[in-house]
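All values below come from the heavy atoms of this structure, side chains included, with hydrogens, waters and symmetry mates left out. Note that the numbering runs from 1 along the sequence shown for the chain.
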Amino acid sequence: MPEELLLLLEKVEKGGPGAAATPTTPNQIVAAPGSATPAGITNGQVSNANPLAVGPHTGGQTAPNGLPLSAGVLPARPSIGDDPIIPHNGFQTFEEGEKAFMHLLRKAGVDPTWTWERTMRAIITDPLYRALNSLAEKKAAFEKFTAQLKAKEQEEKEARMAKLRPALRNMLKGNPNVFHYTTFSTANKLFAQHPIWQQARIEAERRQIFEEYVDELKEREIQETRAARTRATQKVVALFKQLDIDVLTRWRTAHKLLLDSDAWKEDPGTSVDVFVHPLPFPPAVRAPPLPLPLPPRYTSPLPAAI
């Protein structure tokens with residue numbers, strides 16, 4: 001064992017219980033209590049006390065004191081730069097003052113959800129609040145700043161949606177359990193463990209893509225139903241003409257003639273909707289609507305004879 005470690009071990013043994021409270025430097029090695037070899041030393045070689053620690057040799061970040069950052073410690077938030085200094089007579093141009101005021105908004109962490117009243121309470125005590133002269137200019141700069149943030153967030157959202165939309169649509173299209181009446185909660189349970197579904201981390205974006213796909217299914221279903229109903233109605237009207245059904249024919253008789261006809265027996269499925277919304281007669285043979293009764297004429301009583 002090296003001589004330095006032996007001297008250090010003797011000091012620890014002589015120090016007793018109070019020696020454990022002695023501060024150590026990052027590079028100092030202390031023997032574990034009750035052991036002849038300091039902790040972290042195996043066969044005369046020093047090993048890392050924490051095998052999961054990330055040091056500079058692995059490209060890891062280090063704290064200001066030189067120690068490697070642990071996995072649970074996040075790096076410091078990137079700085080937005082030093083605060084601009086307001087000249088004694090104010091900024092020379094409005095653009096410089098507006099830039100300094102937006103720096104203040106960025107430093108205060110203003111986002112598009114903030115109101116002007118909340119922003120005022122957060123920045124009014126900062127010296128950069130006087131970067132602009134009037135309250136109207138400050139409020140206009142705030143609205144311009146939030147508008148820029150909203151536009152940037154919208155661009156980022158559209159980029160994410162453009163990347164996620166094709167994969168999610170292909171996943172929904174390839175699943176036979178997705179219909180035009182499927183709700184988002186049902187789909188969320190159905191695809192909870194699907195890797196493509198989990199790629200869309202923001203639920204609002206995932207919901208939007210799903211609702212776009214379901215709306216297309218609904219529109220397609222409506223068009224197909226409308227086309228089938230139109231074909232069925234045309235066939236039934238043509239059968240009415242072939243069977244000599246006129247305006248005096250009762251629906252029960254017309255219905256029986258329709259079911260007994262050969263044309264209906266050959267293709268009965270195309271006219272099912274007619275029973276849901278029966279159209280007994282085409283517009284050409286319908287009876288004209290009866291005129292509405294006129295309201296009774298108001299007549300005032302005759303004055304009594306004097």
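Across L132 and E98, no two heavy atoms sit closer than the pair CD2-N, 3.5 Å. Here the closest heavy-atom approach between residue G109 and residue W114 is recorded as O-CZ2, 3.7 Å. Taking each heavy atom of I123 and Y129 in turn, the nearest pair found is O-CB, 3.5 Å.
In terms of modelled atom types and a separation under 3.5 Å, the side chain of T146 and the main chain of E143 share a donor-acceptor contact. No donor-acceptor pair closer than 3.5 Å links the side chain of K218 to the backbone N or O of Y181. T186 places no side-chain N or O within donor-acceptor distance of the main-chain N or O of T182, the cut-off being under 3.5 Å. Judged by distance alone, the side chain of T253 and the main-chain N or O of T249 form no donor-acceptor pair under 3.5 Å.
Ion pair E212/R169 not flagged as a salt bridge, since none of the NZ, NE, NH1 or NH2 atoms sits closer than 4.0 Å to an Asp/Glu carboxylate oxygen. With salt bridges taken as basic N to acidic carboxylate O contacts below 4.0 Å, one links E205 and R160. Remark: E155 does not engage K150 in a salt bridge, criterion side-chain N to carboxylate O under 4.0 Å.
Note that K173 lies outside the cation-pi zone of Y213, set by a 6.0 Å cut-off to the ring centre and a 45° limit from the axis.
Relative orientation of the H194 and F191 rings is perpendicular, given thresholds of 30° and 60° on the angle between their planes. Aromatic ring pairs are classed by plane angle as parallel below 30°, tilted from 30° to 60° and perpendicular above 60°; the pair W116 and F142 is tilted.
Note on M120: it clusters hydrophobically with V110, by side-chain heavy-atom contacts below 4.5 Å among ILVMFWY residues.
Paired with V237 under the rule side-chain contact (heavy atoms from CB on, under 4.5 Å), one option of Q234, K241, K235 passes, and it is K241.
Counted within 6.0 Å of CD on Q92, heavy atoms from surrounding residues, nucleotides or ligands total 12 or fewer; the atom is thus considered open. Around the CD atom of E158, the shell of radius 6.0 Å holds more than 12 heavy atoms that belong to other residues, nucleotides or ligands.
A donor-acceptor contact closer than 3.5 angstrom is absent between the side chains of S185 and N188.
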